[in-house]
Amino acid sequence: MAQGSARIGKDRYRTEIDVGGHALIADEPPALGGGGVGPAPYDLLLASLGACTAITLRMYADRKGWPLESVEVGLRLSGREEKRIDRTLAIVGLDNEQRVRMADIAERTPVTLTLKAGLPIATMLA
């Protein structure tokens, strides 16, 4: 399954991430005391959901032989206590019936299901 690590030093909130053999930088925006050199943690969460949605819909259309030209996944996180993600799909190349089916499939992508179900996290000291 997936595996990764995150390391922060003395550079305020700049965090080096290694996940799946890829190096990423996360940070907070200057308004929150960071340097803005990378996406903030919630931005990375939205990126994960967006990528999973787009990839899953492309795979589904390919399997069906549908003439999908593109999918754009718009995401917005809102709420303080009760967080909510609004997702908008702009699908090009399909008829309305196919687009409705794709919206249904988007509700069952792996990351969507994980976020909706919640995920236990076990924390231990190294």
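We use all heavy atoms of the structure for the numbers below, so side chains are in, but hydrogens, waters and symmetry mates are not. Source: prediction; values computed, not measured.
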**Study point:** Shortest non-hydrogen separation from C52 to P110 and the atoms involved
**Key:** SG-CD, 3.6 Å

Study note, to complete from the structure: Tightest non-hydrogen contact, residues A106 and L57, listed as N-CD2, 4.0 Å

Exercise for review: Verify the neighbour count for atom NZ of K64: are there more than 12 heavy atoms of other residues, nucleotides or ligands below 6.0 Å?
Suggested key: no

Roughly how far, to the nearest 0.5 Å, is the [atom2] atom of [Y] from the [atom1] atom of [X]?
X    : Y   : atom1 : atom2 : result
R101 : I91 : CZ    : CD1   : 12.0 Å
L115 : L49 : CG    : CG    : 6.0 Å
E72  : T53 : CD    : OG1   : 12.5 Å
D11  : I25 : CG    : CD1   : 9.5 Å
I85  : L77 : CD1   : CG    : 5.5 Å

**Study point:** Within-4.5 Å side-chain heavy-atom neighbours: L113 and T109
**Key:** no

Point to revise | Side-chain heavy-atom pair V19, L24 within 4.5 angstrom cut-off | key: yes

Check your understanding: Would you say the side-chain atoms of R12 pair up with the backbone N or O of G33, donor to acceptor, closer than 3.5 Å?
Key -> yes

Practice item. Mind jotting down which residue pairs meet the side-chain hydrogen bond (donor to acceptor under 3.5 Å, both in side chains) criterion with at least one end in residues 19-32? Sequence neighbours excluded, please. Key: none

Under the salt bridge (Lys or Arg N to Asp or Glu O under 4.0 Å) test, residues paired with [X] that sit two or more places apart:
X    : answer
R14  : E16
R108 : D104
R84  : D86

Exercise for review: Quick one: list whatever passes ring pair (Phe, Tyr, Trp, His ring centres under 6.0 Å) with Y13, sequence neighbours left out.
Suggested key: none

**Study point:** ring pair (Phe, Tyr, Trp, His ring centres under 6.0 Å): pairs with one or both residues in residues 56-97, sequence neighbours excluded
**Key:** Y60-W66

Revision key, fill the gap. Taken in chain and number order and not counting sequence neighbours, the residues that satisfy side-chain contact (heavy atoms from CB on, under 4.5 Å) with A26 are T15, I17, L44

Check your understanding: Can you name the side-chain contact (heavy atoms from CB on, under 4.5 Å) partners of V92, sequence neighbours left out?
Key -> E69, S70

Provide the full list of salt bridge (Lys or Arg N to Asp or Glu O under 4.0 Å) pairs with a residue in [range], sequence neighbours left out, each pair given once.
range            : answer
residues 111-126 : E107-K116
residues 36-61   : R58-D62
residues 30-42   : none

Practice item. Verify side chain to side chain donor-acceptor pair (under 3.5 Å) between R76 and T88, making sure each step is shown before the conclusion. Key: CA-CA 9 Å; R76 178 182 169 96; T88 304; over 6 Å; no

**Study point:** V111 with Y42, same ILVMFWY side-chain cluster at under 4.5 Å
**Key:** yes

Practice item. I would like to know whether Q98 and V100 meet side-chain contact (heavy atoms from CB on, under 4.5 Å); could you show each step before the answer? Key: CA-CA 5 Å; Q98 292 167 327; V100 168; over 6 Å; no

Revision key, fill the gap. Apart from I55 itself, members of its ILVMFWY cluster (side-chain separation under 4.5 Å) are M59

